[in-house]
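Some notes on the structure that comes next.
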Amino acid sequence: MTGQPLPGFRDFFPKEHSALRSIFQAWREASRRSGFSEYEGPELESLDLYKEKSGDEIVGQLYHFKDKGDREVALRPEMTPTFARMVASQHRNYRKPIKWFSVPRLFRYERPQRGRHREHYQWNCDVVGEKSAAAEAELISTLCLGLSLLGLGPKDVVVKISDRSWWDSFLAKHGVGEKEKPDVLRILDRMEGSTPEQRKEKLGVLAGPVEDAWEGRGGDSPALMEVRKGVEALGYGEWCETDLRVVRGLAYYTGVVFEVHDRSGKLRAVAGGGRYDDLLKKLGGEDLPATGFGMGDAVLAELLREKNIQSVEPSAAEIFVVAEAGEKAMGLALVGQLRRGGFCADYDPGAGKLGKQLELAEAKGARWALLVGRESAEGKFGLKELATRRQVEVRWSKGPDGNICLEPNPGEWAKVVGS
RNA sequence: GCGGCCGUAGUUCAGUUGGUAGAACUCCAGAUUGUGAUUCUGGCUGUCGCGGGUUCGAAUCCCGUCGGUCGCCCCA
């Protein structure tokens, strides 16, 4: 018996799954309210799709294998290549800007760590075909809306906004060639938390100007200002900060980039994204401007836990029918009818003593217990609110269609019991 | 790929200088067949992560391995 999932994979028991669902719900709700449409692609893609974008080194980090048709395939590590392919093939059928989102489950073969497993869900939002800063503003405000639906606010998280193109001209001005650029950007990407001495050692003559830039003396980025203006107008100005230290490791970003961090700075980035105007073309598609972000469930869940924001576990049943031994048939008839009527109804299949049934009702989290006893012959059931232990009587009668009519009906129970 | 800590019942853990394993909670069943938060009684489960070594004897010491966790490396 193997009692554990594979390394880096997670089981979601009802409680954890409930927390996961509430995250999904916030993501989807924020996306739809913001005018994004949901799409989905295959979990399994050809290995080449990822090699094209990231080079052969990526292969070591993928779950990949040969299928029975001898194709090299990989579980998707990210959504962007799939998204790019889908957009490239059909974009003429959609008015621009295309605003799509997805909540894919992604896989990476790497060492599991805090907030990073071998499998996770990631909220992806992308805008294609919009060159202006409005695209970034849309994405950032959608992202903030999503976080706020989960109970997080600007006191908990911060959207750090930066600009790759600003860094491009900065590096050009200081004589960094195209070839060294990626390396320098990578160094900058993880300079946070380093001491001025360490920076000096790694950056050499660049250390001074970089220091200035970080302190806000590096001059303005028009694109970044535009984005901030847009986000501000949409009502999320206080969530954002300009922070040129954010450069993002990925090579393909071309413009404004951003990351969401918890205010305490303890956790990994909750989300990250930016403009990738050349990527769609590079992946063999059309030359379309694009911006997007991704937000994983793992770090987010950790942040929610840290902030003590817990989703309420919905009970498995709203109404629990408790029947005396001689009234089982009536009990089942009620259960079936309540279910058809749109209520969540459950009962004790073992149907032991009433006390046991009530215990089960409470353990299952039901709000009401409908007690079917010998009074049912006189047209009466007991109705009990489990939490308050208050009990009243409800009347029932057979309707013309043979259905059991409850008086009052379940929608009015809360009023009748008076809690 | 590298390093720290950890791995004992379903769960959380205890286990003293090495002497063949315990508690709490959960779960199941009951306290004379109509009402559950307390109480009482009884019951279940462990190859003490796995493999090897030292020893008369290992949950305990040593090595390896797998898994977990945290931090690096790398990277979304």
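Below, chain A is the first sequence line, B the second, and so on; all start at residue 1. Just so it is clear, the structure is predicted and the values come from calculations on it, not from any experiment. What's counted below: heavy atoms across the whole structure, side chains too, no hydrogens, waters or symmetry copies.
Among the heavy atoms of the strands lying under 4.0 Å from E375(A) is at least one base atom, whether or not backbone atoms are also near. Contacts of G326(A) with the nucleic acid, taken as non-hydrogen atoms under 4.0 Å apart, are absent. A271(A) comes within contact range of at least one nucleobase, with a heavy-atom separation under 4.0 Å. Looking at heavy-atom distances under 4.0 Å, L371(A) makes contact with a base. Among the atoms of the strands shown, none is found under 4.0 Å from any heavy atom of K356(A). Nucleic acid contact class of G296(A) (heavy atoms, under 4.0 Å, all strands): none. When heavy atoms are screened at a 4.0 angstrom cut-off, A298(A) is found touching no nucleic acid atom at all. Residue L360(A) is out of contact with every strand shown, counting any heavy-atom pair closer than 4.0 Å.
Salt bridge absent: E362(A) and R367(A) never bring a charged side-chain N and a carboxylate O closer than 4.0 Å. The pair E43(A)-R105(A) does not count as a salt bridge, with every side-chain nitrogen at least 4.0 angstrom from each carboxylate oxygen.
Both the sub-6.0 Å distance and the 45° axial angle are satisfied by R118(A) relative to the ring of Y109(A).
Of the two residues near RNA chain B, L354(A) and R116(A), the one whose nearest nucleotide lies more 5' is L354(A). Take the nearest nucleotide of RNA chain B for G373(A) and for A363(A): the residue whose nucleotide is more 5' is A363(A).
Considering only side-chain atoms of K353(A), the nucleotide from rA31(B), rG1(B), rG36(B) that sits closest is rA31(B). Side-chain proximity of P7(A) to rG36(B), rC74(B), rG67(B): nearest is rG67(B).
In this structure, the ring pair (Phe, Tyr, Trp, His ring centres under 6.0 Å) partners of F381(A), at least two apart in sequence or on a different chain, are W396(A). With sequence neighbours excluded, the residues forming a ring pair (Phe, Tyr, Trp, His ring centres under 6.0 Å) with F9(A) are Y63(A), listed by chain and number.
Spacing between atom CG of L6(A) and atom C1' of rG67(B) amounts to 11 Å, rounded to whole angstrom units. A straight line from OH of Y63(A) to P of rA76(B) spans 19 Å, rounded to a whole angstrom. Between the C1' atom of rG4(B) and the CZ atom of R114(A) lies a distance of 16 Å, rounded to the nearest Å. Look at CD on E110(A): it is 10 Å from P on rA76(B), rounded to the nearest Å. Taking atom CG of L383(A) as the reference point, atom P of rU35(B) lies 18 Å away to the nearest angstrom.
Taking atom P in both rC74(B) and rG67(B), one finds a spacing of 24 Å when rounded to whole Å.
Under the Watson-Crick and G-U wobble criteria, each requiring two contacts below 3.5 Å, nucleotide rU33(B) is left unpaired.
With hydrogens and angles ignored, a donor-acceptor pair closer than 3.5 Å exists between the side chain of R389(A) and the base of rA37(B). With hydrogens and angles ignored, no donor-acceptor pair under 3.5 angstrom links the side chain of R111(A) to the base of rC73(B).
In this structure, F170(A) and W166(A) have parallel ring planes: the angle between them is below the 30° cut-off, well short of the 60° mark.
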